[in-house]
Novice: 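Below is a structure I'd like to ask you about.
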Protein chains: 2
Amino acid sequence: MAQQSHQLDGIFQALADPTRRAVLGRLGQGPASISDLAKPFDMALPSFMKHIHSLEGSGLIQTRKEGRVRTCAIDKQRFATIETWLSDQRALWEGRTDRLEQFVLKTQDKETQK
Amino acid sequence: MAQQSHQLDGIFQALADPTRRAVLGRLGQGPASISDLAKPFDMALPSFMKHIHSLEGSGLIQTRKEGRVRTCAIDKQRFATIETWLSDQRALWEGRTDRLEQFVLKTQDKETQK
DNA sequence: CTGATACTTAGCTTTATGGCTCAGCAATCA
DNA sequence: TGATTGCTGAGCCATAAAGCTAAGTATCAG
């Protein structure tokens with residue numbers, strides 16, 4: 001494990017914004033141009049472009065320009081990076097579902113009921 | 001669907017920092033106190049506390065104070081929120097891995113306008 | 001009661017983020 | 001050719017993030 005932490009920084013940072021997640025949602029249904037993607041958002045185009053750059057920089061989408069139109073498409077592979085991190089994380093918990101944790105969890109219940 | 005976008009903001013934002021991910025890694029092995037968690041990091045305690053607050057605010061960890069020691073534990077449930085988002089996202093792609101997408105990819109530049 | 005420990009609060013600085021406008025440039029269209 | 005479309009680049013502004021120090025509070029150990 002110990003995958004590039006820096007890569008995860010960018011990915012999670014990109015996902016931490018509702019506009020960018022909405023764009024991913026839209027691109028999940030198929031590629032689209034910048035201006036098509038921008039339409040639903042009440043935002044100037046240069047501002048919107050920053051979101052696109054964030055998504056592209058993190059590798060969550062890829063873009064290419066044909067003529068004057070830039071088409072964006074989701075890059076599904078990057079999502080695997082997230083899943084890998086999640087499952088690494090789970091592996092930690094599950095490799096160690098032991099008495100210590102149970103002990104603390106129960107003590108915690110006692111506290112919570114105040 | 002349409003889970004609280006605001007919740008995802010906080011979760012992804014919290015995950016977008018290597019210190020905070022490292023803390024989660026440590027907590028995956030069991031609960032720990034603030035100062036134990038802080039030890040590996042070359043950072044003043046108040047700075048470290050901000051990371052803890054970020055994690056707690058996003059719901060990824062829970063903390064409780066006993067005497068003068070605050071103990072932190074991971075909250076596994078919040079991770080399900082991420083998985084849900086991921087699988088919603090995948091559902092979009094997979095619900096529509098069809099000729100349309102291929103078609104659009106190839107003919108985009110001519111056919112974008114209806 | 002005193003001192004050490006374990007945070008906690010307040011406030012400051014620097015940098016990053018997310019928005020804007022204005023201006024430009026290349027590709028299409030009339 | 002000239003206008004329109006679809007970005008793109010430069011640069012400004014306000015707010016948030018991530019670090020710091022200094023000082024405060026509350027346990028706990030003697």
Side-chain angles (χ1 to χ4, degrees), chain A residues 5-6 8-24 26-27 31-58 60-73 104 107 111 114, chain B residues 5-24 26-27 31-58 60-73 104 107-114:
Chain A
S5 189
H6 181 65
L8 286 169
D9 287 359
I11 292 171
F12 285 130
Q13 182 62 44
L15 295 177
D17 181 283
T19 298
R20 291 190 292 259
R21 288 197 307 277
V23 167
L24 288 176
R26 169 65 187 77
L27 289 178
S33 72
I34 299 282
S35 40
D36 277 353
L37 288 171
K39 260 172 207 157
F41 302 101
D42 185 19
M43 189 182 296
L45 198 57
S47 309
F48 184 76
M49 286 296 291
K50 289 195 183 179
H51 291 297
I52 297 295
H53 289 139
S54 165
L55 287 167
E56 190 174 17
S58 69
L60 287 164
I61 70 171
Q62 290 179 350
T63 78
R64 85 196 142 96
K65 196 163 183 177
E66 278 174 74
R68 58 187 170 177
V69 176
R70 181 172 295 278
T71 301
C72 306
V104 176
T107 319
E111 271 286 317
K114 283 186 175 176
Chain B
S5 190
H6 182 64
Q7 208 175 35
L8 286 169
D9 287 359
I11 292 171
F12 285 129
Q13 181 63 45
L15 294 178
D17 181 283
T19 299
R20 292 191 290 260
R21 286 196 308 276
V23 167
L24 288 177
R26 168 66 188 76
L27 289 179
S33 72
I34 299 281
S35 38
D36 277 354
L37 288 172
K39 260 171 209 158
F41 302 100
D42 185 20
M43 189 183 293
L45 198 56
S47 310
F48 184 76
M49 286 297 291
K50 289 195 182 177
H51 292 297
I52 296 295
H53 289 139
S54 165
L55 288 167
E56 189 174 18
S58 69
L60 288 164
I61 69 170
Q62 290 179 350
T63 78
R64 86 198 141 95
K65 198 163 185 177
E66 277 174 76
R68 58 189 168 171
V69 177
R70 181 172 296 277
T71 300
C72 306
V104 174
T107 59
Q108 196 95 26
D109 33 3
K110 284 195 160 188
E111 291 289 322
T112 25
Q113 274 304 327
K114 62 170 189 173

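A, B, ... follow the sequence lines: proteins, then strands. Residue 1 opens every chain. What you see is a predicted model, and the numbers here were worked out from it, not measured in a lab.
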Novice: Rounded to the Å, how far apart are A/Met49 CE and C/dT21 C1'?
Specialist: 16 Å
Novice: Where along nucleotides 22-29 of chain D does protein come under 4.0 Å, by heavy atom, of base (B) or sugar-phosphate alone (S), with - for untouched nucleotides?
Specialist: B----BS-
Novice: Roughly how far, to the nearest 0.5 Å, is CD1 of A/Ile52 from CG of A/Leu27?
Specialist: 7.0 Å
Novice: From CZ of B/Arg70 over to P of C/dT5, roughly how many Å is that when rounded to an integer?
Specialist: 21 Å
Novice: Measuring only between side-chain heavy atoms, which start at C-beta, is B/Leu45 closer than 4.5 Å to B/Ile34?
Specialist: yes
Novice: Any chance you could measure B/Ser5, atom OG, to A/Asp17, atom CG, to the nearest 0.5 Å?
Specialist: 8.5 Å
Novice: Could you list the protein-to-nucleotides 15-19 of chain C atom pairs, N/O on both sides, closer than 3.5 Å?
Specialist:
from	atom 1	to	atom 2	distance (Å)
C/dG18	OP1	A/Arg20	NH2	3.2
C/dG18	OP2	A/Arg20	NH1	3.1
C/dG19	OP2	A/His51	NE2	2.2
C/dG19	N7	A/Lys50	NZ	3.4
C/dG19	O6	A/Lys50	NZ	2.6

Novice: Can you measure B/His6 atom NE2 to D/dA16 atom P for me and round it to whole angstrom units?
Specialist: 12 Å
Novice: I want to check something: taking the side chain as every heavy atom from C-beta on, are A/Ser54 and A/Gln13 in contact at a cut-off of under 4.5 Å?
Specialist: no
Novice: Would you mind reading off the distance between A/Arg64 atom CZ and D/dC7 atom P, rounded to a whole angstrom?
Specialist: 13 Å
Novice: What's the NE2-P distance between B/His53 and C/dC7, to the nearest Å?
Specialist: 11 Å
Novice: Would you indicate whether the side-chain heavy atoms of A/Leu15 and A/Leu24 approach each other to under 4.5 Å?
Specialist: yes
Novice: When all nucleic acid strands are considered with a 4.0 Å heavy-atom cut-off, which category describes A/Ile34: base, sugar-phosphate, or nothing?
Specialist: sugar-phosphate
Novice: Would a 4.5 Å heavy-atom cut-off, applied to side chains only, mark B/His51 and B/Val23 as touching?
Specialist: no
Novice: Between A/Phe12 and B/Ile11, is any pair of side-chain heavy atoms under 4.5 Å apart?
Specialist: no
Novice: Rounding to an integer number of Å, can you tell me how far B/Lys39 NZ sits from C/dT5 P?
Specialist: 12 Å
Novice: If I take atom CG in residue B/Leu45 and atom C1' in nucleotide C/dA10, what distance separates them, rounded to the nearest angstrom?
Specialist: 15 Å
Novice: Measure the distance from CZ on B/Arg21 to P on D/dA18 and round it to the nearest whole Å.
Specialist: 12 Å
Novice: List the residues meeting side chain to side chain donor-acceptor pair (under 3.5 Å) with A/Thr63, not counting sequence neighbours, and say none if there are none.
Specialist: A/Glu56, A/Arg70
Novice: Looking at B/Asp9 and A/Arg21, is any side-chain nitrogen of the basic one under 4.0 Å from a carboxylate oxygen of the acidic one?
Specialist: yes
Novice: Any side-chain N or O of A/Lys65 under 4.0 Å from OP1/OP2 of D/dT8?
Specialist: yes
